[in-house]
Asker: 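Next up is a structure, given as structure tokens.
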Amino acid sequence: MSGDHLTGTTFEGRAAEQLAKPFQRKAIPAAVDGTVAHSRALFATGDRERLRELGRDIRAHAVANLPEYVAAFTDAAEANGTRVHFAGDATEANAIVAGICRDAGAQLIVKSKSMLTEEIELNPALEAAGFEVVETDLGEYVVQIANDRPSHIIGPIIHKTRGEVRELFSAIAGRDLGDDPRALTAFAREQLRDVFLRADVGITGGNFAVAESGSVVLVTNEGNARLATSLPRVHIALVGVERLLPRTADLSVLIPLLVASGTGQQLTTYLSIASGPRREGEPDGPDEMHVVLVDGGRSAILGTGYQDILNCIRCGACQNVCPVYRQVGGHAYGWVYGGPIGAVLTPLFKPSAEGLEVAHASSLCAACDDVCPVKIPLHDLLVDLRRDRVGRRIPGRFERLAYGAWSRAWSSPLLYRLSGRVGIASLRLLARGGVVRRGLGPLRRWTRDRDLLLPGRRRR
Amino acid sequence: MERDAFIARLAAARPGPPLPDVSSLPAVHTELRPGDELYARFVHELTAVNGTCELRPAAAVSAAVVAALGDARRVALGADLGDHQAPVEGALAAAGIAAIAYEEAVADRAVLGALEATVTGCALAVAATGSIVISAAAGRAAALIAPLHVCVVPAEHLVGGLAEALRILPPGSLTAFQSGPSRTADIEKVLILGMHGPGATHVIVAT
């Protein structure tokens, strides 16, 4: 689905819309709690802290030295027979992919799941260029048919019921398929298998790109990325430029971190390391492999206080534990990414007033910091983004005046004590029986859902 | 963009930490634990992800392959079975299964799409993750195009953990780790096997 969902909306408005969906609020914890528990149990069998430190250092090193590793990756990939393309922004990335497809005389394109292609809105661009594009991850296939957006990095349709999937698939089948997930999955397999056998081009993302070998690394459970790199004549991998790893050996740290955090598995069913087109003597595989390295706003983050966010490996663990995300779901964040990672990335990639507001969609509880497999200080970054928002004078005049006054008052011992007395005296005026049930002004929203107890008297 | 201009934009980064040494890893679930026995750990992990496994002396491998194929008759055979290639081909013929070479099957999409089972060897198997590792030399889609995949693993191809496997990756344009049958839980978290790849993966470890 294209179009900017942020423009003219507020987080509060989008969240209210999501909160009105009773299935979703139960579905998110039901969908992610198993993953969280499995992940915790797996990490408990090893030295989790040391592993996370290694993961953080490898990622931070790679991100800090991208010129070196992009050059090494490109040389190694070209030596494998892969063509490497460089896209500065979304428009350029989409044009490069459309160009490759046109040169290949392609009509039908199969895609495996890729958040980057959601960012750059590749599908609408390819459709506008006259190609048929079919998503092959089961969840993404449903998202595509429903003209929806994924609401979680790993589980794109955790917001959808089996009944909704039944309706969508039954409409295609022309008969009622029932709501057994087994039958629905079997139907999707059959539809998509036919597409795989006919497709001209397979498009994948890349979980990592390895500089020393020029390889693109893909993890899936369904096997769709593997098929997309096997059967079509052309394989195109779109990789965010920050996803480079220096060495193949780095995968022995980052794969267990990614997989255990993302799905709670020992290893995903499929882990593919793609290193170029079909070679002499190999029975199948594409005639061409292309890698499109995409900047898309990443280089602008390098060198700023937000550089650490580029260490992210898109596992979704921060979403699973976020008390805000668990209530409102991914769509409330208004762009591609929900949860803490979205609350940081959206303001950076979409720095409009609406985009910056998303940094406030967090309770700053730091549960995300605790689970991040590469130890990104997400809640520090959220606080910094809020400060930037104030610096850009985006909050209203009243909000700025009020916080300015508060800051000045509490910087002076005398005014601090005085403000305390005034505050308590005002609360007493509002209280009935020691409890404020209906506040005024800024207090009104607090007391809408909660009672405020009066502070106790100081004993002297 | 041109390569140089693209790379130039990445030069503004703040310095990062040095690249850490990963030649010895902290304890992690994708490696062996003290006291792990290779085959026992492999069976444990593969079974945990819904694969099945048996240990057979070399001479009994071809009979085990025939048994594992059950009723499947449209069968493709990888060319990577090594010492087992000729015995397996012979046993399939004797059992009345007209297996074709994977290389032939992949040349005809109708044949490929109708396969009921594939039989391949493997370059490596990883005990700590229950994975088999197949190189593109044997066929990228050979292990996942049919509803049933039977894999013959020479016992000496079994390695301990992911780190060791990554150090000795087989040559080829694609290296494929595969841990049990294809799976999805996209619809209301209900686990379903056989999404795009096989619904059943059977491994025969040949001693």
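Order of the sequence lines fixes the chain letters, A, B, ..., with proteins taken first and strands second; residue numbering starts at 1 for each chain. None of the values given here were measured: they were computed from a predicted structure.
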Asker: At a 4.5 Å cut-off on heavy atoms, which part of A:V241 comes close to chain B: side chain, backbone, both, or neither?
Answerer: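 The side chain, not the backbone.
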
Asker: What part of B:D4 is in contact with chain A, defined as an atom under 4.5 angstrom from a non-hydrogen atom: side chain, backbone, both or neither?
Answerer: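 Nothing of B:D4, per the 4.5 Å heavy-atom cut-off to chain A.
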
Asker: Do B:I187 and A:T161 have side chains that get closer than 4.5 Å, going by heavy atoms?
Answerer: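 Of all side-chain heavy-atom pairs linking A:T161 with B:I187, none is under 4.5 Å.
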
Asker: Go through A:G285, A:G34, A:A71, A:A30 and name the one with the most non-hydrogen pairs under 4.5 angstrom from chain B.
Answerer: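 Option with the top pair count is A:A71.
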
Asker: Given that the side chain runs from C-beta out, which part of A:A27 has a heavy atom under 4.5 Å from chain B: side chain, backbone, both or neither?
Answerer: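 Interface part for A:A27: neither.
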
Asker: B:R109, B:E2, B:R14: which one forms the most heavy-atom pairs within less than 4.5 Å of chain A?
Answerer: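 If we count pairs closer than 4.5 Å to chain A, B:R14 comes out on top.
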
Asker: Restricting to pairs with a member in residues 186-197 of chain B, which pass salt bridge (charged side-chain N to carboxylate O under 4.0 Å, His left out), not counting sequence neighbours?
Answerer: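 Sorted result for residues 186-197 of chain B: A:R162-B:E188.
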
Asker: Got a sec: does the CG of B:D83 have more than 12 other heavy atoms crowding it under 6.0 Å?
Answerer: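 Counting neighbours around CG of B:D83, 12 or fewer heavy atoms of other residues, nucleotides or ligands fall under 6.0 Å, so no.
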
Asker: Rounded at 0.5 Å granularity, tell me how far OG1 in B:T175 sits from CG in A:L271.
Answerer: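 Output value for this atom pair is 9.0 Å.
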
Asker: By a 4.5 Å heavy-atom criterion (distance strictly below it), what part of B:V49 contacts chain A: side chain, backbone, both, or neither?
Answerer: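 Contact with chain A involves no heavy atom of B:V49 at all.
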
Asker: Compare every heavy atom of B:R3 with every heavy atom of A:T74, then report the nearest pair and how far apart it is.
Answerer: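 That closest heavy-atom pairing would be CG2-NH1, 3.4 Å.
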
Asker: Between B:L193 and chain A, with a heavy-atom cut-off of 4.5 Å, which part of the residue counts as in contact: side chain, backbone, both or neither?
Answerer: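 Neither part, no heavy atoms under 4.5 Å.
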
Asker: Heavy atoms only: give me the nearest B:I192-A:R182 pair and the separation to one decimal.
Answerer: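 Nearest heavy atoms, B:I192 then A:R182: CD1-N, 3.6 Å.
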
Asker: Answer with side chain, backbone, both or neither: which region of A:D308 has an atom nearer than 4.5 Å to a non-hydrogen atom of chain B?
Answerer: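 Contact with chain B involves both backbone and side-chain atoms of A:D308.
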
Asker: Considering non-hydrogen atoms only, spot the tightest contact between B:M195 and A:A188 and give its length.
Answerer: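 Nearest heavy atoms, B:M195 then A:A188: CE-CB, 4.1 Å.
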
Asker: Please identify, among B:T184, B:T129, B:V106, the residue contributing the most non-hydrogen atom pairs under 4.5 Å to chain A.
Answerer: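 The residue among B:T184, B:T129, B:V106 with the greatest pair count is B:T184.
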
Asker: Just give me the residue among A:A300, A:P181, A:A44, A:G155 that pairs up with chain B most often, heavy atom to heavy atom, under 4.5 Å.
Answerer: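 Highest number of heavy-atom pairs under 4.5 Å: A:P181.
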
Asker: What residue, out of A:T82, A:L197, A:V165, has the most heavy-atom pairs lying under 4.5 Å from chain B?
Answerer: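 Option with the greatest count: A:L197.
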
Asker: With a 4.5 angstrom heavy-atom cut-off, is it the side chain or the backbone of A:T35 that approaches chain B, or both, or neither?
Answerer: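 When you check distances to chain B, only side chain atoms of A:T35 fall under 4.5 Å.
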
Asker: Let's test your reading of the structure: which of A:P283, A:G46, A:S275 forms the most heavy-atom pairs below 4.5 Å with chain B?
Answerer: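 It is A:P283.
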
Asker: Sort B:R167 into side chain, backbone, both or neither according to what part of it lies under 4.5 angstrom from a heavy atom of chain A.
Answerer: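 No part of B:R167 comes within 4.5 Å of chain A.
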
Asker: Less than 4.5 Å apart, side chain to side chain, heavy atoms only: is that true for B:F177 and A:I273?
Answerer: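 The answer is yes; the side chains approach within 4.5 Å.
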
Asker: Would a 4.5 Å heavy-atom cut-off, applied to side chains only, mark B:E103 and A:E282 as touching?
Answerer: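 In short, these two side chains do not touch, never coming nearer than 4.5 Å.
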
Asker: Quick check on A:P67 against chain B: is it the side chain, the backbone, both or neither that has a heavy atom closer than 4.5 Å?
Answerer: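 A:P67 touches chain B through backbone and side-chain heavy atoms alike.
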
Asker: Below 4.5 Å from any heavy atom of chain A, which atoms of B:A101 appear? Answer side chain, backbone, both or neither.
Answerer: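 Neither the backbone nor the side chain of B:A101 comes within 4.5 Å of chain A.
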
Asker: Mind running side-chain contact (heavy atoms from CB on, under 4.5 Å) on B:H29 and A:Q265 for me, showing each step along the way?
Answerer: CA-CA 10 Å; B:H29 50 272; A:Q265 288 170 288; over 6 Å; no

Asker: Is it the backbone or the side chain of A:T220 that comes under 4.5 Å from a heavy atom of chain B, or both, or neither?
Answerer: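 Looking at A:T220, nothing touches chain B.
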
Asker: Between B:P181, B:S23, B:A136, who has the most heavy-atom pairs with chain A when the cutoff is under 4.5 Å?
Answerer: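 If we count pairs closer than 4.5 Å to chain A, B:A136 comes out on top.
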
Asker: Please state whether the side chain, the backbone, both or neither of A:R279 comes within less than 4.5 Å of a heavy atom of chain B.
Answerer: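 Interface part for A:R279: both.
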
Asker: Counting heavy-atom pairs under 4.5 Å with chain A, which one of B:A185, B:A13, B:G16, B:G197 comes out on top?
Answerer: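 Result: the option with the highest number of such pairs is B:A13.
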
Asker: Of the backbone (N, CA, C, O) and the side chain (C-beta and beyond), which part of B:P198 lies under 4.5 Å from a heavy atom of chain A, both, or neither?
Answerer: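 B:P198 touches chain A through backbone and side-chain heavy atoms alike.
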
Asker: Taking side chain as C-beta onward, heavy atoms only, is A:N221 less than 4.5 Å from B:S182?
Answerer: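 They are not in contact (no side-chain heavy atoms under 4.5 Å apart), so the answer is no.
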
Asker: Between A:R298, A:R226, A:K160, A:R59, which residue shows the highest count of heavy-atom pairs closer than 4.5 Å to chain B?
Answerer: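 Counting heavy-atom pairs under 4.5 Å, the top option is A:R226.
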
Asker: Using 0.5 Å steps for rounding, measure from the CD1 atom of B:I145 to the CZ atom of A:F196.
Answerer: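 If we round to the nearest 0.5 Å, B:I145:CD1 and A:F196:CZ are 9.0 Å apart.
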
Asker: Flag the one option from B:I7, B:L19, B:V28 with the top tally of heavy-atom pairs under 4.5 Å to chain A.
Answerer: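 Looking at each option in turn, the highest pair count goes to B:L19.
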
Asker: Non-hydrogen atoms of chain A under 4.5 Å away: do they reach the side chain of B:P15, the backbone, both or neither?
Answerer: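 For B:P15, the backbone is the part near chain A, not the side chain.
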
Asker: Which heavy atom of A:S230 sits nearest to which heavy atom of B:R140, and what is that distance?
Answerer: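 Between these two residues, the closest heavy atoms are OG-CB, 3.1 Å.
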
Asker: Using non-hydrogen atoms and a 4.5 Å limit, figure out which bit of A:F23 sits close to chain B: side chain, backbone, both or neither.
Answerer: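 For A:F23, the side chain is the part near chain B, not the backbone.
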
Asker: Would you mind reporting whether A:L251 and B:L162 have side-chain heavy atoms less than 4.5 Å apart?
Answerer: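 The answer is no, as the side chains (C-beta and beyond) never meet within the 4.5 Å cut-off.
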
Asker: Give a yes-or-no answer on whether the side chains of A:Q266 and B:T30 include a donor-acceptor pair shorter than 3.5 Å.
Answerer: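 Side chains of A:Q266 and B:T30: no pair found under 3.5 Å.
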
Asker: Below 4.5 Å from any heavy atom of chain A, which atoms of B:S131 appear? Answer side chain, backbone, both or neither.
Answerer: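 Looking at B:S131, just its side chain touches chain A.
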
Asker: Pick one of side chain, backbone, both or neither for A:E222, based on which atoms fall under 4.5 Å of a heavy atom in chain B.
Answerer: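 Looking at A:E222, backbone and side chain both touch chain B.
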
Asker: Which answer fits B:E104, side chain, backbone, both or neither, if we ask what part of it has an atom under 4.5 Å from a heavy atom of chain A?
Answerer: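 Contact with chain A is absent: no heavy atom of B:E104 under 4.5 Å.
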
Asker: If you count heavy-atom pairs within less than 4.5 Å of chain A, which of B:G172, B:G199, B:P18, B:A165 leads?
Answerer: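 Result: the option with the highest number of such pairs is B:G172.
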
Asker: Against chain B, label A:I255 side chain, backbone, both or neither, depending on which of its atoms sit under 4.5 Å from a heavy atom there.
Answerer: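 Only the side chain of A:I255 comes within 4.5 Å of chain B.
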
Asker: Quick one: what part of A:N80 sits under 4.5 Å from any heavy atom of chain B, side chain, backbone, both or neither?
Answerer: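 A:N80 has no heavy atom closer than 4.5 Å to chain B.
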
Asker: How many angstroms lie between atom CZ of B:R9 and atom CG of A:D295, to the nearest 0.5 angstrom?
Answerer: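 The CG atom of A:D295 is 4.0 Å from CZ of B:R9, to the nearest 0.5 Å.
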
Asker: Would you compute the distance between atom OG of B:S173 and atom CG of A:D284 and round it to the nearest 0.5 angstrom?
Answerer: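 Taking OG in B:S173 and CG in A:D284, the distance rounds to 8.5 Å.
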
Asker: Give, as side chain, backbone, both or neither, the part of B:A138 having an atom under 4.5 angstrom from any heavy atom of chain A.
Answerer: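 It is the backbone, since no side chain atom gets that close.
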
Asker: Less than 4.5 Å apart, any side-chain heavy atom of A:R278 and any of B:L174?
Answerer: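 Answer no - side chains too far apart.
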
Asker: Working to the nearest 0.5 Å, report the span between OG of B:S179 and OH of A:Y270.
Answerer: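 If I round to the nearest 0.5 Å, the distance is 9.5 Å.
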
Asker: Is it the case that atom CD in A:E190 sees more than 12 heavy atoms from other parts of the structure closer than 6.0 Å?
Answerer: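 No, CD of A:E190 has 12 or fewer neighbouring heavy atoms, counting only those of other groups under 6.0 Å.
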
Asker: Indicate the atoms forming the closest heavy-atom contact of A:R189 with B:A146, along with that distance.
Answerer: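 Nearest heavy atoms, A:R189 then B:A146: NH2-C, 4.5 Å.
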
Asker: Indicate the atoms forming the closest heavy-atom contact of A:G223 with B:H196, along with that distance.
Answerer: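 Closest approach of A:G223 to B:H196: C-CB, 4.1 Å.
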
Asker: When heavy-atom pairs shorter than 4.5 Å are enumerated against chain B, which of A:P256, A:A60, A:A87 gives the highest number?
Answerer: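 Highest number of pairs under 4.5 Å: A:P256.
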
Asker: Non-hydrogen atoms of chain A under 4.5 Å away: do they reach the side chain of B:L144, the backbone, both or neither?
Answerer: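 Contact with chain A involves both backbone and side-chain atoms of B:L144.
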
Asker: Distance check, rounded to the nearest 0.5 Å: A:T45 atom OG1 versus B:R33 atom CZ?
Answerer: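 The distance works out to 5.0 Å.
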
